[in-house]
Amino acid sequence: MRNSLILYNTLTRKKELFVPIQPPHVGLYVCGPTVYGDPHLGHARPAITFDLLFRYLTHLGYKVRYVRNITDVGHLENDADEGEDKIAQKARVEQLEPMEVAQYYCDRYHQFMDALNVKRPSIEPRASGHIIEQLQIVKEILDKGFAYEKNGSVYFDVEKYNQKHKYGTLSGRVLDDLLSTTRELEGQTEKRNSFDFALWKKASPTHIMRWPSPYSDGFPGWHLECTAMSTKYLGEQFDIHGGGMDLLFPHHECEIAQSVAAKGKTPARYWMHNNMITINGQKMGKSLGNFITLEEFFTGSHSMLTKAWSPMTIRFFILQAHYRSTVDFSNEALQAAEKGFNRLMDALQQMEKIKPASQSTFDVKEFKEKCYAALDDDLNSPVLIAHLFEGAKIINSAIAGKETFSKNDLEEFRQTMHLFSEDILGLKVESTAESSHPEVLDGVMNLLLSIRQQAKKAKDFATADKIRDELKQLGIELRDAKDKTEWEIKN
RNA sequence: GGUCGGUUGGCCGAGUGGUUAGGCAGCGGUCUGCAAAACCGCGUACGGCGGUUCGAAUCCGCCACCGACCUCCA
């Protein structure tokens with residue numbers, strides 16, 4: 001097994017060689033969606049980032065258990081007493097059962113992640129199905145003395161925890177600073193300190209989602225589910241914990257505190273955080289109202305979009321930036337991504353036409369090594385894509401007779417190109433009308449092309465060009481090669 | 001205000017103490033009846049000011065600007 005993957009660990013702020021606790025097994029936990037709204041571009045980034053990690057680790061031969069939760073009990077709307085579960089709030093607005101709402105958006109999430117060719121995780125646990133496990137952790141933390149109960153709610157005692165352990169190791173925050181910088185919130189009389197966080201919240205009378213507990217009828221605090229479910233399925237300490245950078249503080253910091261308080265262990269050894277997506281340089285966010293749903297991208301139905309952008313264009317666009325960089329959205333950038341993606345996919349298909357020669361003019365082994373090296377360097381997908389474009393250029397040159405491959409090299413080159421672009425980056429040729437009725441369209445095209453060929457022979461270029469131009473208007477592009485004319489549907 | 005990160009050619013976006021990132025767009029060429037596609041060539045970019053160094057866009061310092069987190073958010 002290749003063993004040279006280096007990952008940037010937020011915990012140490014350094015790139016580190018990835019060494020699993022129990023090779024060949026790898027435990028990977030990623031914070032999943034809160035299913036109270038339609039999936040948007042921001043959901044795509046972590047899903048694709050960790051899909052790449054999942055695919056690469058699997059390819060390397062690791063047996064990966066990938067756990068990504070579904071938050072269906074919702075997080076607290078805020079920390080105030082009248083805080084309301086997000087799912088419950090949405091349900092009231094739409095007059096639906098809370099679980100109906102959660103199911104609907106969960107299905108939508110799956111539908112769009114499938115379209116983006118994101119593999120399903122090994123386990124997708126729901127928070128609502130793990131109330132017992134969460135209550136168990138509340139009890140453990142209370143027993144250890146790192147939490148206190150007040151009016152039916154249970155809060156994590158950060159100050160007390162900080163006396164024995166250190167709070168803020170992941171985000172680099174210092175408790176004293178937090179005291180002075182955290183603003184005062186109304187209705188926080190129950191908490192001893194503003195930075196304490198809820199482990200269990202007593203439900204207000206209007207709160208629909210509630211479960212019985214020794215403390216009150218209520219619901220779990222907003223960091224607890226990840227601790228409960230990662231512990232249950234991956235153990236008290238596992239390999240990699242991932243999520244968006246916005247979750248670094250307080251969410252992941254609190255997860256660490258909960259695990260250390262309850263189990264005495266930092267839950268994960270490697271913490272990975274994908275950066276945000278920006279629109280016109282500004283973060284995309286619910287509160288900012290500038291987020292674009294995936295459905296709007298795929299159909300083009302948003303005022304900021306000049307046209308529809310396909311799932312693979314979105315995936316390619318995201319992979320063209322390193323996961324720790326912000327990626328700024330614009331129609332121009334997507335246009336460039338779309339064209340580049342098509343060029344790569346075209347080359348991949350053209351590759352089948354290459355005929356083996358006696359000798360190779362291209363070093364396939366070195367090429368393959370470069371591709372691995374890119375991913376080994378903290379999943380550098382943009383560099384990998386740059387290499388794949390070099391591969392595309394070689395393919396096209398080989399078809400033009402400028403490069404040659406021996407039989408063995410050709411086979412290895414084909415495998416390498418497919419491995420990295422399809423199996424690992426998860427890119428694929430998107431189906432078009434061509435694939436739904438292939439025979440019919442082929443027949444029609446062959447007819448048109450033979451008429452055009454006759455016209456060309458007779459030097460009737462007006463007719464030949466008319467066919468080409470009008471097909472172009474329909475979205476079919478012709479390319480005259482030496483002995484035949486190729487055609488392709490563009491969008 | 002505190003903490004962290006960023007500022008790369010027309011656009012997007014990697015990377016690095018001295019050697020071509022890559023894609024898109026543009027320009028010139030080859031090919032073509034003309035195109036398209038493809039291939040070849042071109043642009044010589046790293047926020048500002050100092051410092052370290054034989055040499056910095058890459059290291060250090062200061063400044064400017066932008067952003068993220070500190071409140072639900074991927």
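Owing to the predicted nature of the structure, the values given are computational and were not obtained by experimental measurement.
Note on A/Gly42: a base of the nucleic acid sits closer than 4.0 angstrom, heavy atoms only. The residue A/Leu478 sits close to a base: some heavy atom pair falls under 4.0 Å. Among the protein residues, A/Met245 comes within range of no part of the nucleic acid, since none of its heavy atoms lies under 4.0 Å from any strand.
Note: CG (A/Leu247) to P (B/A74) measures 7 Å, nearest angstrom. With rounding to whole Å, A/Glu477 atom CD is found 10 Å from B/A36 atom P. Atom CG in A/Leu294 sits roughly 11 Å away from atom C1' in B/A74 (whole-Å rounding). B/A35 atom P lies 12 Å from atom CG of A/Asp480, rounded to whole Å. Rounded to whole Å, atom P of B/A36 lies 17 Å from atom CG of A/Leu471.
Residue A/His40 has its side chain nearest to B/A74 when only B/A74, B/C70, B/C34 are considered. Listed nucleotides: B/G13, B/C70, B/A38. Nearest to the side chain of A/Phe249: B/C70. When distances are taken from the side chain of A/Arg173 to each of B/G2, B/A35, B/A37, the shortest belongs to B/G2. Listed nucleotides B/G13, B/A38, B/G33 differ in distance to A/Ala321; the shortest reach to its side chain belongs to B/G13.
Ring-plane geometry between A/Phe197 and A/Phe156 is classed as parallel, the angle between the planes falling under 30 degrees on a 0 to 90 degree scale with a further cut at 60. Taking the six-membered ring where the residue is Trp, A/Tyr167 and A/Phe249 present perpendicular rings, their angle passing 60° and hence far from 30°. Relative orientation of the A/Trp271 and A/His273 rings is parallel, given thresholds of 30° and 60° on the angle between their planes. Ring geometry, A/Tyr372 versus A/Phe420: the interplanar angle exceeds 60°, so the pair is classed perpendicular (tilted spans 30 to 60°). Between A/Phe413 and A/Phe367, the angle of the ring planes goes over 60°, which puts this pair in the perpendicular group of the 30/60° scheme.
As rounded to the nearest Å, B/G9 and B/G23 have C1' atoms that lie 14 Å from one another. For the C1' atom pair drawn from B/G1 and B/A14, the interatomic distance equals 35 Å after rounding to whole Å. Taking atom C1' in both B/C12 and B/C54, one finds a spacing of 36 Å when rounded to whole Å. One C1' atom belongs to B/A45, the other to B/C11, and the distance between them is 13 Å to the nearest Å. On the C1' atoms, B/C65 is 8 Å away from B/G47, given to the nearest whole Å. Rounded to whole Å, the separation between the P atoms of B/G43 and B/U3 comes to 45 Å. Of the P atoms belonging to B/C66 and B/C60, the separation is 24 Å, rounded to the nearest Å. Rounded to a whole angstrom, the distance from the P atom of B/A38 to that of B/C24 is 8 Å.
Using a cut-off of 4.0 Å between Lys/Arg side-chain N and Asp/Glu carboxylate O, A/Asp480 and A/Arg452 are scored as salt-bridged. For the pair A/Asp196 and A/Lys150, the salt-bridge criterion is not met [side-chain N within less than 4.0 Å of a carboxylate O].
When each of A/Val327 and A/Pro250 is assigned the nucleotide of RNA chain B bearing its nearest heavy atom, the one mapping closer to the 5' terminus is A/Val327. With RNA chain B read from its 5' end, the first of the two nearest nucleotides for A/Glu332 and A/Tyr8 is the one closest to A/Tyr8.
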**OP:** Decide yes or no on side-chain contact (heavy atoms from CB on, under 4.5 Å) for A/Trp200 and A/Leu224, but give the supporting numbers first.
**Re:** CA-CA 9 Å; A/Trp200 187 261; A/Leu224 200 55; 5.7 Å; no
**OP:** Could you walk me through whether A/Phe298 and A/Phe112 pass the ring pair (Phe, Tyr, Trp, His ring centres under 6.0 Å) test, one step at a time?
**Re:** CA-CA 9 Å; A/Phe298 300 165; A/Phe112 288 105; 5.8 Å; yes
**OP:** Taking Watson-Crick and G-U wobble pairs with both distances under 3.5 Å, convert RNA chain B into its dot-bracket string, 5' to 3', dots for unpaired and | for cross-strand pairs.
**Re:** (((((((..(((.....[...))).(((((.......)))))....(((((..]....))))))))))))....
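Distances shorter than 4.0 Å separate none of the side-chain N or O atoms of A/Ser325 from OP1 or OP2 on B/G6. Between A/Thr278 and the phosphate of B/G67, there is no side-chain N or O to OP1/OP2 separation shorter than 4.0 Å. Side-chain nitrogen and oxygen atoms of A/Arg343 include at least one within less than 4.0 Å of the OP1 or OP2 phosphate oxygen of B/C24. Here A/Asn274 does not reach the OP1 or OP2 of B/A74: none of its side-chain N or O atoms lies under 4.0 Å away. Note on A/Arg479: every side-chain N or O is 4.0 Å or more away from OP1 and OP2 of B/C34. In terms of phosphate contacts, A/Lys339 brings a side-chain nitrogen or oxygen within less than 4.0 Å of OP1 or OP2 of B/A25.
At a cut-off of 3.5 angstrom, counting only N and O atoms as typed in the model, there is a donor on one side and an acceptor on the other between the side-chain of A/Arg468 and the base of B/A35. For A/Asp465 against B/G33, a side-chain N or O and a base N or O form a donor-acceptor pair under 3.5 Å.
Applying a 4.0 Å cut-off to non-hydrogen atoms, the residues of residues 397-404 of chain A that approach RNA chain B are A/Ser397, A/Lys402, listed by residue number. Applying a 4.0 Å cut-off to non-hydrogen atoms, the residues of residues 374-389 of chain A that approach RNA chain B are A/Asn380, A/Pro382, A/Val383, A/Ala386, A/Phe389, listed by residue number. Near-neighbour residues of RNA chain B inside residues 362-370 of chain A, defined by a heavy atom below 4.0 Å, are absent.
No side-chain donor-acceptor contact under 3.5 Å links A/Asp107 and A/Gln111. Counting only N and O atoms by type, the side chains of A/Thr49 and A/Asn274 include no donor and acceptor under 3.5 Å apart. Using modelled atom types, one finds no donor on one side chain facing an acceptor on the other under 3.5 Å when comparing A/Tyr105 with A/Asp72. Between A/Lys353 and A/Gln350, the side chains place a donor N or O and an acceptor N or O closer than 3.5 Å (distance only, hydrogens not considered).
For A/Lys339, there are no salt bridge (Lys or Arg N to Asp or Glu O under 4.0 Å) partners, not counting sequence neighbours. In this structure A/Tyr270 satisfies the ring-ring contact (aromatic ring centres under 6.0 Å, His included) test together with A/Phe18, sequence neighbours excluded.
The ring of A/Phe329 has its center closer than 6.0 angstrom to the ring center of A/Phe297.
In this structure, A/Arg68 forms no cation-pi arrangement with A/Phe50, as its terminal cationic atom is not both closer than 6.0 Å to the ring centre and no more than 45° off the ring axis.
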